[in-house]
There are 2 protein chains.
Amino acid sequence: MSDTQDVLFRTLADPTRRALFERLCREGEKTVGALTARAGVSQPVVSKHLGILKQAGLVRDRHEGRQTHYSAQLGALAPLVDWTREMAGFWQNRFDQLEDLLKRMDQ
Amino acid sequence: MSDTQDVLFRTLADPTRRALFERLCREGEKTVGALTARAGVSQPVVSKHLGILKQAGLVRDRHEGRQTHYSAQLGALAPLVDWTREMAGFWQNRFDQLEDLLKRMDQ
DNA sequence: TCAATCAATAGCCAACGAGGTATTGATTGT
DNA sequence: ACAATCAATACCTCGTTGGCTATTGATTGA
């Protein structure tokens, strides 16, 4: 239900956008032009995706003259990690309960 | 680029679908009827979402008479966990490189 | 056997979103 | 001052998809 998770999932669901984020994680700060060169889509589309990534908190931008440098903000992935941990936790609890039940049945 | 991650992100991007998966994680196995009762959408929609979750490997179904029981398959989240770890790893490496660079500059 | 219930499928529609091109704004270099 | 470059915005189009209702198939109970 938490809205931050929703934003993250929706933002990372698009392959082009996720690829951009991955490149920024792998290769560090890059300009829009550099990203566009290998993105497979036009520059305006890249800018749009970067804008969405920025809104989601997944990237930062830094202006230097007429070019804009983008970099990954890895901390923004925390809610996603938390979510998976939470799901795993629920599963674990239910598994423990089952284990307890089986133990009690065993006696 | 790995396609399994793509399927997971796309599947979990929808709030209704993610809510269904969350309920199955929290509360364990449930019938379609039970899920529909609190899903806020119609039964056919729930069935459709469950079908998509099943295709993604996130849930299993078990038929019992005229009702179908669904349960979460938590292992299917592994690629997602791997992906976040990978992204974190890239970031860490680049941070280490920066650290090294700063150390060398310091001498 | 017939009615009722449960889940899945079919068919439809409206909204969203990712892509494109054209343009604007801003900065650099000549 | 002017041309060129870089990134963002505006605007449009088309495909995808999430929602609905109606229906079908299957199973249970009377």
Side-chain angles (χ1 to χ4, degrees), chain A residues 1 3-24 27-73, chain B residues 1 3-24 27-73:
Chain A
M1 289 286 191
D3 207 33
T4 60
Q5 292 161 359
D6 196 65
V7 170
L8 281 184
F9 274 114
R10 259 210 325 274
T11 302
L12 293 171
D14 182 74
T16 305
R17 205 150 52 215
R18 199 169 59 255
L20 285 170
F21 179 69
E22 281 194 32
R23 276 196 65 198
L24 290 175
E27 308 171 14
E29 193 181 70
K30 291 254 173 271
T31 67
V32 175
L35 290 170
T36 301
R38 296 167 185 262
V41 291
S42 66
Q43 173 267 313
V45 168
V46 171
S47 282
K48 197 173 165 189
H49 281 307
L50 289 171
I52 294 171
L53 285 166
K54 185 183 169 188
Q55 267 195 319
L58 286 165
V59 301
R60 288 193 63 209
D61 60 345
R62 178 175 69 82
H63 298 280
E64 185 180 327
R66 63 185 161 186
Q67 50 196 6
T68 311
H69 299 259
Y70 282 87
S71 54
Q73 285 287 99
Chain B
M1 285 292 193
D3 207 34
T4 61
Q5 291 159 2
D6 196 66
V7 170
L8 282 185
F9 274 115
R10 258 210 325 274
T11 302
L12 293 170
D14 181 75
T16 305
R17 205 151 51 217
R18 199 168 60 256
L20 285 171
F21 178 69
E22 280 194 32
R23 276 195 65 199
L24 290 176
E27 307 171 14
E29 194 181 70
K30 291 255 174 270
T31 67
V32 176
L35 289 170
T36 301
R38 294 167 185 262
V41 290
S42 66
Q43 174 267 311
V45 169
V46 170
S47 282
K48 199 171 164 189
H49 281 307
L50 289 171
I52 294 171
L53 285 166
K54 185 182 169 189
Q55 267 196 321
L58 286 165
V59 300
R60 290 192 63 209
D61 61 344
R62 179 175 69 82
H63 298 280
E64 186 182 327
R66 62 184 162 188
Q67 50 195 6
T68 311
H69 298 259
Y70 281 88
S71 54
Q73 285 287 100

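Within every chain, numbering begins at 1; the chains are lettered A, B, ... in the order of the sequence lines, protein sequences first and strands thereafter.
Counting heavy atoms from C-beta on, the side chains of B:T68 and B:H63 come closer than 4.5 Å. Side-chain contact between B:V45 and B:H49 is present, with at least one heavy-atom pair separated by less than 4.5 Å. Counting heavy atoms from C-beta on, the side chains of B:L20 and B:L24 never come closer than 4.5 Å.
Regarding contacts with the backbone of D:dG19, a side-chain N or O of B:T16 is found under 4.0 angstrom from either OP1 or OP2. Phosphate contact (OP1/OP2 of C:dC6, side-chain N/O of B:Y70, threshold under 4.0 Å): absent.
Residue A:V59 comes nearest to A:Q73 through the heavy atom pair C-CG, 3.8 Å, listed as atom of the first residue, atom of the second, then distance. Contact record, A:S47 with A:V32: OG-CG1, 3.9 Å, taken as the closest heavy-atom pair. Here the closest heavy-atom approach between residue A:R18 and residue A:L12 is recorded as NH1-O, 2.7 Å. In terms of heavy atoms, B:D61 sits closest to B:K54 at OD2-NZ, 3.1 Å. Summarising the geometry of B:V41 relative to B:T16, their closest heavy-atom pair is CG2-CG2, 4.1 Å, with the distance given to 0.1 Å. What you find for B:T11 and B:V7 is that their closest heavy atoms are OG1-O, 2.6 Å.
Between the P atom of C:dA18 and the CG atom of A:L20 lies a distance of 12 Å, rounded to the nearest Å. Rounding to whole angstrom units, NE2 of residue B:H69 and P of D:dT27 are separated by 14 Å. Residue A:L12 contributes atom CG, which lies 12 Å from atom P of C:dA18 at whole-angstrom precision. Atom CZ in A:R18 sits about 12 Å away from atom P in C:dA18, given to the nearest Å. Atom C1' of nucleotide D:dA7 and atom CG of A:D61 are separated by 11 Å, given to the nearest angstrom. To the nearest angstrom, C1' of D:dT16 lies 12 Å from CG of A:D14. Summarising the geometry, the separation between CZ on B:F9 and P on D:dT17 is reported as 17 Å, rounded to the nearest angstrom. Computed from coordinates, the A:R17 CZ to C:dG19 C1' distance equals 12 Å when rounded to whole Å.
Inter-axis angle, ends of the helix from C:dT1-D:dA30 to C:dT30-D:dA1, five pairs per end, rounded to 10 degrees: 10°.
Shown here is B:R60, whose CZ atom has no more than 12 heavy atoms of other residues, nucleotides or ligands within 6.0 Å.
Pairs engaging residues 30-39 of chain A under the salt bridge (Lys or Arg N to Asp or Glu O under 4.0 Å) rule: A:E27-A:K30 [sequence neighbours left out].
Contacts of B:E29 classified as salt bridge (Lys or Arg N to Asp or Glu O under 4.0 Å), with partners at least two apart in sequence or in another chain: B:R62.
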Please enumerate all protein N or O atoms sitting under 3.5 Å from an N or O of nucleotides 21-23 of chain D, with distances to 0.1 Å.
none

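Listed in residue order, the members of residues 46-54 of chain A having a heavy atom less than 4.0 Å from DNA chain C are A:K48, A:H49.
Across all strands shown, A:T36 has no heavy atoms under 4.0 Å from either base or sugar-phosphate atoms.
For the pair A:R10 and A:G40, both in contact range of DNA chain C, the more 5′-proximal nearest nucleotide belongs to A:R10.
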Next item on the list: Could you check B:L58 against B:L8 for side-chain contact (heavy atoms from CB on, under 4.5 Å), going step by step and ending with a plain yes or no?
Entry: CA-CA 8 Å; B:L58 286 165; B:L8 282 185; 3.9 Å; yes
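Atoms CG and CG, on A:D14 and B:D6 in that order, are 8.5 Å from each other to the nearest 0.5 Å.
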Next item on the list: Scan nucleotides 24-30 of chain C nucleotide by nucleotide, 5' to 3', and note B when protein non-hydrogen atoms come under 4.0 Å of the base, S if they reach only the sugar-phosphate, - if neither.
Entry: ---BB--
